[in-house]
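First the structure, in the form of structure tokens, and then the observations on it.
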Amino acid sequence: DGGITQSPKYLFRKEGQNVTLSCEQNLNHDAMYWYRQDPGQGLRLIYYSQIVNDFQKGDIAEGYSVSREKKESFPLTVTSAQKNPTAFYLCASSIPGVETQYFGPGTRLLVL
Amino acid sequence: DQQVKQNSPSLSVQEGRISILNCDYTNSMFDYFLWYKKYPAEGPTFLISISSIKDKNEDGRFTVFLNKSAKHLSLHIVPSQPGDSAVYFCAASGTTGNQFYFGTGTSLTVIP
């Protein structure tokens with residue numbers, strides 16, 4: 001079955017700790033994205049990658065980092081510099097030039 | 001600056017009646033628009049889209065209308081069913097890249 005998986009479903013972060021959210025897709029999509037959703041707000045773009053070994057900052061990249069070493073994988077690290085990390089994080093993928101994005105189930109990050 | 005706006009945070013409709021969800025955008029460079037449906041703690045799922053060369057696109061019970069001069073689009077669901085109860089996001093993208101901009105969502109409740 002083709003799709004996007006995100007893990008873990010829930011993640012707890014201690015103050016000053018870096019945590020990494022996993023996103024894997026087997027759709028053979030070139031483009032991948034990370035969004036953040038806060039209550040009452042739309043999805044805001046953190047980072048996106050249109051090809052392996054290349055990625056661009058979105059609107060709210062500060063305090064986050066990504067890597068794209070493989071086509072299938074686009075992990076997001078929430079660093080200690082991100083002062084308000086509590087949110088629902090969504091990963092998506094698409095074929096460049098095809099506008100529809102496919103989303104994973106999301107990871108909810110909570111700060112202890 | 002929110003480039004895509006959904007001004008109604010919630011909407012309640014009787015089963016069998018029409019649901020109309022509205023979305024406004026500010027960037028005239030947007031040329032592709034999408035609607036996503038989202039259940040709690042899940043990723044959004046693609047519903048329907050429309051390109052700027054059209055003013056209407058229909059898929060079963062779902063129809064999207066685009067008014068380019070007013071920078072407004074709407075999603076009509078007829079007839080509404082209880083399973084349609086979810087949060088609906090509109091999104092827009094332009095030709096300058098693969099970046100998508102999402103509205104804040106409208107929570108639709110269909111009352112049996």
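Sequence lines set the chain letters: A, B, ... in the order given, protein chains first and strands last, and positions in each chain run from 1.
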message = So, taking the atom named CD in Glu42(B) and the one named CZ in Phe88(A), what distance separates them when rounded to the nearest 0.5 Å?
response = 8.5 Å
ask   = Just how far is it from atom OG1 of Thr100(A) to atom CG of Leu47(B), taken to the nearest 0.5 Å?
value = 11.0 Å
key: Leu90(A) versus chain B, the contacting section by heavy-atom distance below 4.5 Å   = side chain
inquiry  = Quick check: is Leu75(B) connected to Leu108(B) through a chain of hydrophobic side chains (ILVMFWY, heavy atoms under 4.5 Å apart)?
reply    = yes
ask   = Are Tyr48(A) and Val78(A) in one and the same hydrophobic cluster, where Ile, Leu, Val, Met, Phe, Trp and Tyr link if side-chain heavy atoms are under 4.5 Å apart?
value = no
task = Could you walk me through whether Phe100(B) and Tyr33(A) pass the side-chain contact (heavy atoms from CB on, under 4.5 Å) test, one step at a time?
result = CA-CA 10 Å; Phe100(B) 291 76; Tyr33(A) 311 80; 3.8 Å; yes
ask   = Taking atom CD of Glu62(A) as the centre, does the number of heavy atoms from other residues, nucleotides or ligands within less than 6.0 Å exceed 12?
value = no
ask   = Atom OH in Tyr36(B), atom CZ in Phe103(A): separation rounded to 0.5 Å?
value = 5.0 Å
ask   = Is the count of non-hydrogen atoms from other residues, nucleotides or ligands lying under 6.0 Å from Ile51(A) atom CD1 greater than 12?
value = no
key: ring pair (Phe, Tyr, Trp, His ring centres under 6.0 Å) between Tyr35(A) and Phe102(B), intermediate numbers included   = CA-CA 10 Å; Tyr35(A) 292 92; Phe102(B) 284 80; 5.1 Å; yes
ask   = Which answer fits Gln37(A), side chain, backbone, both or neither, if we ask what part of it has an atom under 4.5 Å from a heavy atom of chain B?
value = side chain
task = Measure distances from Pro44(B) to the heavy atoms of chain A and classify the residue's part below 4.5 Å as side chain, backbone, both or neither.
result = both
key: Verify same cluster id: Tyr88(B), Phe65(B) (apolar side-chain graph, 4.5 Å)   = no
query = Non-hydrogen atoms of chain A under 4.5 Å away: do they reach the side chain of Tyr101(B), the backbone, both or neither?
reply = side chain
More than 12 heavy atoms from other groups under 6.0 Å of CZ on Arg17(B) = no
ask   = Is Tyr89(A) reachable from Leu43(A) through a run of I, L, V, M, F, W or Y residues, each pair having side-chain heavy atoms under 4.5 Å apart?
value = no
